Amino acid sequence: MSDVPLFDPLVLRGIEFRNRIFVSPMCEYSARDGLPNEWHMVHLGSRAVGGAGLVLTEATAVSPAGRISPADTGLWSEAHVQAWRPIVQFVRDQGAVAGVQLAHAGRKASTRIPWEGSGEVPAAEGGWQTLAPSAVPFDASYPNPRALTVAELGEVERQWVAATRFALDAGFQVVELHMAHGYLMHQFLSPLSNRRDDAYGGSLENRMRFPLQVARAVRAAWPAELPLFARISATDWTDGGWDVEQSVVLGRSLREIGVDLVDCSSGGNVRHATIPVAPGYQVPFAERIRRDAGIATGAVGLITDAAQANAIVAGGRADAVIMARELLRDPYFPLHAAKQLGVEVGWPKQYLRAKR
Ligand SMILES: Cc1cc2nc3c(=O)[nH]c(=O)nc-3n(C[C@H](O)[C@H](O)[C@H](O)COP(=O)(O)O)c2cc1C
């Protein structure tokens, strides 16, 4: 480990990340029919130019029904592969690793884009029937989901596998499984949203069954030399919900399946959780899962400062920091952080005359 481990390369399987500052997935609500466009090129491309080690796309749906909103990106056809390919190529050309967060929103699908309101998009405006482990809505303003049958679970699993193959075709080098924030996989994990009485509900083993089944199938479809991540919500922040102890068990199972890194977020499955939001408030989850599940982790949530980010990696609390809003404010955060921490990093050659 160097004096500034934030800028030490990280190697997972056959992929080397140039540093440990990763761009967190961020929905842009700017796609049509799931197809990314110029906005996504500039948004993701800028953060690759800014020096991040990994640029992860926003939650990208494995099927039309899996979109959070009608304006989400997707990866369910050859047309999506074609639309992603130049964006992925540009990100890679800047020296960043290109990753895709694959997602299915389950009962939190078919909702409005944030600047057009909240809650359900009615069928008359293009909304759709949502799917979930159990027919329990997220809250009264959200759509009423239909419980998935066991046969339909097989179909959803096949959609994840197909999206994984499309991701490979598009040139992505990392797949992150979205198991957090109250979306479909998290809905299965948490007893607050999973009320099933078949093999997919009840005990912890049963609640983990579908997410692990998907993780196993994706791992089998994703080349052995490429890393697989999973983003989880380490806790529901609610009594009787998903918690850190269960996350450690899940982390171990994910490691056994061949997942390489757990991206440790929290919350999102119940509306009225009390969350003690403060700088680095989710870092203890990354630290705990890293230690007790024996798997690499990413820390996310209110990491905004170079010294703070470096201390997380230097302290062995996480293998990488995953940043969202600070990278919206400053796409060049990695270049600025390197300067601040006294590390020499390459700048894009087009920008060399501005290097300080
Ligand atoms: C505009 C925006 C969109 C987001 N979309 C996603 C998403 O698609 N998938 C996801 O896992 N998290 C999403 N998040 C959560 C972030 O990835 C991150 O976990 C959260 O913002 C906390 O990190 P921060 O304090 O660095 O912003 C989003 C956050 C923002 C601000």
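Heads up: numbering here begins at 1 and tracks the sequence. Atoms within each ligand, like the ligands themselves, are counted from 1 in listed order. Note that these values count all heavy atoms, side chains included, but never hydrogens, waters or copies made by symmetry. The shown structure was predicted, so the numbers you read here are calculated from the model rather than taken from an experiment.
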Sub-4.0 Å atoms of ligand 1 with respect to non-hydrogen atoms of Ser24: 16 (C), 17 (O), 18 (C), 19 (O)
Identity and distance of the protein heavy atom lying nearest atom 20 (C) of ligand 1: Ala324 CB, 4.1 Å
Any Glu326 heavy atom less than 4.0 Å from ligand 1: no
For His181, atoms of ligand 1 separated by under 4.0 Å from a heavy atom: 10 (C), 11 (O), 12 (N)
Heavy-atom nearest option to atom 12 (N) of ligand 1, drawn from Glu176, Arg231, Arg325, Met179: Arg231
Under-4.0 Å salt bridge between Glu256 and Arg216: no
Pair listing, salt bridge (Lys or Arg N to Asp or Glu O under 4.0 Å) test, anchored in residues 112-125, at least two apart: Arg112-Glu125
Protein contact to atom 30 (C) of ligand 1 [nearest heavy atom, distance to 0.1 Å]: Met26 CG, 3.8 Å
Ligand 1 contact by Gly301, heavy-atom criterion under 4.0 angstrom: yes
Arg67 with Asp72: basic N within carboxylate O range, under 4.0 Å: no
Ion pair check, Asp8 and Arg20, cut-off under 4.0 Å: no
Which residue and heavy atom of the protein sit nearest atom 3 (C) of ligand 1, plus the separation: Cys27 N, 3.3 Å
Short side-chain donor-acceptor distance under 3.5 Å, Glu28 and Trp39: yes
Atom 13 (C) of ligand 1: nearest protein contact (heavy atom, Å): Pro25 O, 3.0 Å
Residue Gln101 vicinity, atoms of ligand 1 by number, heavy atom under 4.0 Å: 7 (C), 8 (O), 9 (N), 10 (C), 11 (O)
Within-cut-off N or O pair, Leu328 and ligand 1, under 3.5 Å: no
Within-cut-off N or O pair, His178 and ligand 1, under 3.5 Å: yes
Leu302 N/O under 3.5 Å from ligand 1 N/O: yes
Side chain to side chain donor-acceptor pair (under 3.5 Å): pairs with one or both residues in residues 320-335, sequence neighbours excluded: Glu326-Arg329, Asp330-His336
Residues, nucleotides or ligands: over 12 heavy atoms within 6.0 Å of Tyr281 OH: yes
Phe172 and Trp84 aromatic centres sub-6.0 Å: yes
Arg356 NZ/CZ over Trp347 ring centroid, <6.0 Å and within 45° of normal: no
